[in-house]
Amino acid sequence: MKKVISTDLAPAAIGPYAQAVATDGLVITSGQLPIDPATGAFPEGIAAQTRQSLENVKAILAEAGVGMDRIIKTTVFLSDMNNFGAMNEVYATFFGEGSYPARSAVEVARLPKDALVEIEVIAAL
């Protein structure tokens, strides 16, 4: 059975998709842009945008009843791979040493609303 996960503490979907879906012991989020749900704006710079994207992920997972420690896989989409180091520094602060999830990080031609980063995750319930 599939359960749609939605919270006002993360940006609303900007298309025909859910913030996340829970099914078969997993929570799978849609890609989270660095939109501040209170203002609808992006913060400036890759570090702040990475932090906001991960805060959005954290809020969605909390709505599903799980924490960041339950993430088993992340995918990070970057508009410029030159931002990898700065993204990685912020990313590391959201996970405990030795309990990092599996991850893919790729550069893409363009992200929605010209974001610098978008992050999606799969977490265990």
Side-chain angles (χ1 to χ4, degrees):
M1 185 173 89
K2 169 176 110 171
K3 178 183 177 189
V4 173
I5 307 297
S6 180
T7 177
D8 292 336
L9 299 177
I14 56 174
Y17 59 89
Q19 287 175 325
V21 173
T23 187
D24 297 326
L26 298 174
V27 178
I28 304 166
T29 71
S30 293
Q32 293 304 300
L33 293 172
I35 299 171
D36 181 330
T39 67
F42 287 167
E44 291 293 320
I46 187 63
Q49 287 196 16
T50 300
R51 186 172 296 103
Q52 186 63 60
S53 288
L54 287 167
E55 288 293 344
N56 294 342
V57 165
K58 189 175 180 179
I60 292 167
L61 292 180
E63 182 67 23
V66 299
M68 297 290 280
D69 62 320
R70 304 290 294 174
I71 295 174
I72 55 177
K73 172 71 167 80
T74 65
T75 305
V76 178
F77 302 96
L78 294 164
S79 65
D80 184 344
M81 195 55 80
N82 290 318
N83 288 329
F84 181 85
M87 174 281 297
N88 206 43
E89 284 183 29
V90 174
Y91 177 96
T93 67
F94 280 80
F95 303 98
E97 183 72 32
S99 64
Y100 299 123
R103 179 180 78 187
S104 300
V106 296
E107 178 178 302
V108 295
R110 190 169 180 201
L111 289 167
K113 299 188 173 209
D114 291 319
L116 301 176
V117 65
E118 181 174 4
I119 301 172
E120 65 184 25
V121 309
I122 300 171
L125 281 171

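FYI, side chains are in, hydrogens and waters are out, and symmetry mates aren't considered; it's all heavy atoms of this structure.
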A.B. asks: Assess whether side-chain contact (heavy atoms from CB on, under 4.5 Å) is satisfied between K113 and F42, documenting all intermediate values.
C.D. replies: CA-CA 9 Å; K113 299 188 173 209; F42 287 167; 3.7 Å; yes
A.B. asks: Between I5 and I60, is any pair of side-chain heavy atoms under 4.5 Å apart?
C.D. replies: yes
A.B. asks: Considering non-hydrogen atoms only, spot the tightest contact between V66 and V27 and give its length.
C.D. replies: CG2-CG2, 4.5 Å
A.B. asks: Heavy atoms, side chains only, cut-off 4.5 Å: are I122 and I71 in contact?
C.D. replies: no
A.B. asks: Going by heavy atoms in the side chains, are L9 and E63 under 4.5 Å from each other?
C.D. replies: no
A.B. asks: Calculate, to the nearest 0.5 Å, the distance between atoms CZ and CD belonging to F94 and E55 respectively.
C.D. replies: 4.0 Å
A.B. asks: Do E107 and F77 make a side-chain contact, defined as non-hydrogen atoms from C-beta onward lying under 4.5 Å apart?
C.D. replies: no
A.B. asks: Any idea which heavy atoms bring A10 and P37 closest together, and the distance?
C.D. replies: C-CB, 3.8 Å
A.B. asks: Measure the shortest side-chain to side-chain distance between L78 and V106 over non-hydrogen atoms and say whether it is less than 4.5 angstrom.
C.D. replies: no
A.B. asks: Hydrophobic clusters here meaning ILVMFWY residues chained together by side-chain heavy-atom distances under 4.5 Å, can you tell me if Y100 and F84 are in one?
C.D. replies: yes
A.B. asks: Is there a side-chain contact (heavy atoms from CB on, under 4.5 Å) between T7 and Q19 once you walk through the steps?
C.D. replies: CA-CA 8 Å; T7 177; Q19 287 175 325; 3.8 Å; yes
A.B. asks: At their closest point, which heavy atom of P34 faces which heavy atom of V117, and how far apart are they?
C.D. replies: CD-O, 3.2 Å
A.B. asks: Return yes if some donor-acceptor pair links the side-chain N/O of S99 with the main-chain N/O of G96 below 3.5 Å, else return no.
C.D. replies: yes
A.B. asks: Give the C-alpha distance, both sets of side-chain angles, the deciding distance and a yes or no for side-chain contact (heavy atoms from CB on, under 4.5 Å) between M87 and V76.
C.D. replies: CA-CA 9 Å; M87 174 281 297; V76 178; 4.0 Å; yes
A.B. asks: Please determine which of V90, N83, L116, L54 meets the side-chain contact (heavy atoms from CB on, under 4.5 Å) test together with Q49.
C.D. replies: L116
A.B. asks: Could you check whether any side-chain heavy atom of M68 comes within less than 4.5 Å of a side-chain heavy atom of L61, counting everything from C-beta outward?
C.D. replies: yes
A.B. asks: So how far is it from R70 CZ to L125 CG, rounded to the nearest 0.5 Å?
C.D. replies: 7.5 Å
A.B. asks: Do N56 and P11 touch side chain to side chain, with heavy atoms closer than 4.5 Å?
C.D. replies: yes
A.B. asks: Do other residues, nucleotides or ligands put more than 12 heavy atoms under 6.0 Å from K73 NZ?
C.D. replies: yes
A.B. asks: Got a donor-acceptor contact below 3.5 angstrom from the T29 side chain to the A20 backbone?
C.D. replies: no
A.B. asks: Could you give the distance from OG (S79) to CD1 (I46), rounded to the nearest 0.5 Å?
C.D. replies: 6.5 Å
A.B. asks: Using modelled atom types only, decide if a donor and an acceptor are shared between the side chain of S30 and the backbone of A18 within a distance under 3.5 Å.
C.D. replies: yes
A.B. asks: For residues T75 and I119, determine if any side-chain heavy atom of one lies less than 4.5 Å from a side-chain heavy atom of the other.
C.D. replies: no
A.B. asks: P112 and E118: which non-hydrogen atoms are nearest, and at how many Å?
C.D. replies: CD-OE1, 3.7 Å
A.B. asks: Evaluate Y91 against T74 for side-chain hydrogen bond (donor to acceptor under 3.5 Å, both in side chains), listing each step before the verdict.
C.D. replies: CA-CA 11 Å; Y91 177 96; T74 65; 2.8 Å; yes
A.B. asks: Any chance you could measure E120, atom CD, to S104, atom OG, to the nearest 0.5 Å?
C.D. replies: 9.0 Å
A.B. asks: When you compare the side chains of N88 and R103, does any donor N or O come within less than 3.5 Å of an acceptor on the partner?
C.D. replies: yes
A.B. asks: What are the two closest heavy atoms between D114 and R110, and how far apart are they?
C.D. replies: OD1-NE, 2.6 Å
A.B. asks: Could you report the tightest heavy-atom contact between P101 and F95, atom names first, then the distance?
C.D. replies: CD-CD2, 3.7 Å
